[in-house]
Number of protein chains: 2
Amino acid sequence: MSSQSEVPELSERAQCLLKALTERYIREGQPVGSRTLARDAGLKLSPATVRNVIADLEEMGLVSSPHTSAGRVPTVQGYRLFVDTLLSVKPLDESVVEEIRVNLDAEHDARELVESASGLLSDVTRLAGVVTLPRREHAALERVEFLPLSDRKVLAVLVINDKEVQNSILHTDRNYSAGELQQYSNFLNEQFAGREIQEVRERLVTELRETREHLDRMMRTALDMADQVLGEAEQGSDYVLAGQTNLMQFDELCNVTTLRQLFEAFDEKRQILKLLDQCVESEHLQIFIGEESGYQILDECSLVTAPYTVDGRVLGVLGVIGPTRMAYERVIPIVDATARILSAALNPKE
Amino acid sequence: MSSQSEVPELSERAQCLLKALTERYIREGQPVGSRTLARDAGLKLSPATVRNVIADLEEMGLVSSPHTSAGRVPTVQGYRLFVDTLLSVKPLDESVVEEIRVNLDAEHDARELVESASGLLSDVTRLAGVVTLPRREHAALERVEFLPLSDRKVLAVLVINDKEVQNSILHTDRNYSAGELQQYSNFLNEQFAGREIQEVRERLVTELRETREHLDRMMRTALDMADQVLGEAEQGSDYVLAGQTNLMQFDELCNVTTLRQLFEAFDEKRQILKLLDQCVESEHLQIFIGEESGYQILDECSLVTAPYTVDGRVLGVLGVIGPTRMAYERVIPIVDATARILSAALNPKE
DNA sequence: CTTTAGCACTCCTTTTCAATGAGTGCTAAC
DNA sequence: GTTAGCACTCATTGAAAAGGAGTGCTAAAG
């Protein structure tokens, strides 16, 4: 009769106890019993009363006990409720904001910023920080340059968004002179500078197909090269992770096998990346608790993410990975602030 | 009377037993007792006899027992002797060589090659692979290009050794036009292309100091910029590590604290880097066993390294880090081969 | 003189068992 | 509705006992 979504509204007191229980468990990492909770919650209730309430919470699937005579621990649903409605987010300490800001000034290029960000997140939260690299799809192509290297190789330099630079070495069918290459890049820059990469690519393909025969050799080569470079520029979807070792301090992850799987997942990247990609869709801070992520490896972990943007456009996400019992009230504002500061640093207008 | 170096030459039989013991311990990870050893060594001896010999070895500090009634385990000195004189290196499986070769073809730039190398080492040995980035000091500067970005920023592209590219964004005092920058790079290329970076830098400094007043504005700016870029190019001493998780499968490292320290040391980099730098000095394969490395963090680990070279000049080292009881007879030829193949891939002459 | 069998001894590991204690659920009284 | 009381469960702890792997020594055999 009652579905998952129909929460049989919790009494004030039940909420208070769930909150106290969750907070305590997050702090201590131990199942919390009725006596402790009665003391902890501030309500003047006896352990027995507390037990009654907790029994209800258990029936609702918000808490569970690891075994018969242990205290209670929040379930995933419990954490969810806690995070969604009970949590009082700590306002962020100004010194922390300052630390983030100092480390993410606009003096660096996009890649460097992103890497600092993950390091920062891990330092400040003492958890694992993770940041996806900026998406390139909507990036504007600022400039292309070709430089001849010896031996039928050409260096292509791509300037994207005035912030980010990418080079790739092209293997060509013959040697090109500097002058020749200059011509190509001039041509491409005239045609395409300032456009979005995706658009550029599409136009390249069309032009190549439609007018291949009529183009002179130069055009053709230029387009070919550009296509090669842009192909590389587009693919690189990846993320940066920092502070894995921070996770080792949590007992619940200390089972070496668990830890190993987790770390291997970080190496594997693909699964985590898929999850992070989902987060890009949302425009707000998101929290995955335990199994909610849908990835078994993160069963005992939570993920807090926020997207970062330039010009109101989501470029990627950053966040932290930690045990389900992470200090959400601290982590959430940090992730939030970092995302905003990173966005600011990436924004071209200073 | 007898110093460390004066090895009281081991009898044939003692050597054989030490070898068998070490091999067995490497394989099984358990202290090996006299009964097992008697069976294992192939010599037709009773456990009692073996015990006598082993007692001698223990007195010499080559083996030790974790506690009274356990078997014996090689000490660092034991491993050292084993590695230096007892070890019969397995000839490398051709398929492995092929795998390495395929993954390190010359199609990639130096940085990519180096990263693949560490991944490969970790895959093939199932340990942690580590490679230092190529030293730049003796690298020849092939080309410099400057491109204007918006907002008083200039992109400098450095081509080094025809293989490696480095860019950095310079913050300048005003905006420069493309033409201006072109002039600067032309000037620099004429003057310095093909020279070693260090030399270039020295000359830059001298010229700046001696003739500062007499140089026209252009020269001065060009030299300033070049100096900025080269400064960055020189510093980047670092290494790439892959396959940390492989180390988790070894019991002796499974103490979470040990593991954590180790992983943190990898993050810290500096200590490991110092050690690796020492290895660059040697022109041959080197092995540090346990405490020999002088770094406490690697107490329970060994490090096998080999330098890689271009034109007979050592550019960096690669190797693997694993528990002291790693399978040296397999690891050594792999490290050796990888170093040679990487050298070949980096060598400009194809 | 070397090798080996025998044996007592050490000490780690595993198992067993009881004691402890935290915490629960239920019932009955307030 | 709240609470005290109580029986019950079950992880944890520690001690004691059993088991076993391996040693060192001694004395006999080769």
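Below, chains carry the letters A, B, ... as their sequence lines are ordered, and counting in each starts from 1.
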Any pair with a residue in [range] that passes side-chain hydrogen bond (donor to acceptor under 3.5 Å, both in side chains), sequence neighbours left out, goes on the list, sorted by first then second residue, please.
range	result
residues 42-66 of chain B	Ser34(B)-Arg51(B), Ser46(B)-Thr49(B), Glu58(B)-Arg72(B)
residues 294-303 of chain A	Ser302(A)-Tyr328(A)
residues 80-96 of chain A	Arg80(A)-Asp84(A), Arg80(A)-Glu292(A), Asp93(A)-Ser95(A)

Shortest non-hydrogen contact from Arg325(B) toward Tyr25(B):
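Residues Arg325(B) and Tyr25(B), closest heavy atoms: NE-O, 3.5 Å.
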Within-4.5 Å side-chain heavy-atom neighbours: Leu86(B) and Gln15(B):
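SC-SC contact between Leu86(B) and Gln15(B) confirmed.
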Partner set under side chain to side chain contact (heavy atoms under 4.5 Å, CB included) for Ser118(A), not counting sequence neighbours:
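With sequence neighbours excluded, Ser118(A) shows a side chain to side chain contact (heavy atoms under 4.5 Å, CB included) to Val131(A), Val240(A), Ala242(A), given in chain and number order.
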Using a strict heavy-atom distance below 4.0 Å, which residues from residues 13-21 of chain B are in contact with DNA chain C?
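Within residues 13-21 of chain B, the residues near DNA chain C are Arg13(B).
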So if I take residues 22-31 of chain A and measure heavy-atom distances to DNA chain C, which residues fall below 4.0 Å?
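Per residue number, the list is empty: none.
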Using a heavy-atom cut-off of 4.0 Å across all strands, would you classify Ile54(B) as base, sugar-phosphate, or nothing?
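It contacts nothing in the nucleic acid.
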I'd like to check the salt bridge (Lys or Arg N to Asp or Glu O under 4.0 Å) partners of [X]; sequence neighbours left out, ordered by chain and number.
X	result
Asp40(A)	Arg24(A), Arg27(A)
Glu268(A)	Arg270(A)
Arg260(B)	Glu264(B)

As a test of reading the structure: which of dG24(D), dT4(C), dG25(C) is closest to the side chain of Glu58(A), going by heavy atoms?
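The nucleotide sitting nearest to the side chain is dG25(C).
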Would you mind telling me which of dA4(D), dT3(C), dG24(D) lies closest to the side-chain atoms of Thr49(B)?
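The answer is dT3(C), which lies nearest to the side chain.
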Flag this pair as yes if the NZ/CZ of Lys269(B) is under 6.0 angstrom from the six-membered ring centre of Tyr239(B) and inside a 45 degree cone about the axis; otherwise no.
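Output yes; distance and angle both within limits.
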Determine, for nucleotides 8-16 of chain C in 5'-to-3' order, which nucleotides have protein heavy atoms under 4.0 Å from the base (write B), from only the sugar-phosphate (write S), or from neither (write -).
--BBS----
Considering only nitrogen or oxygen atoms on both sides, find all protein atoms under 3.5 Å from nucleotides 14-18 of chain D and state each distance.
none

Atom pairs, protein N/O to nucleotides 26-30 of chain C N/O, distance under 3.5 Å:
none

Arg72(B) side-chain N/O to dA21(D) phosphate OP1/OP2 under 4.0 Å
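No.
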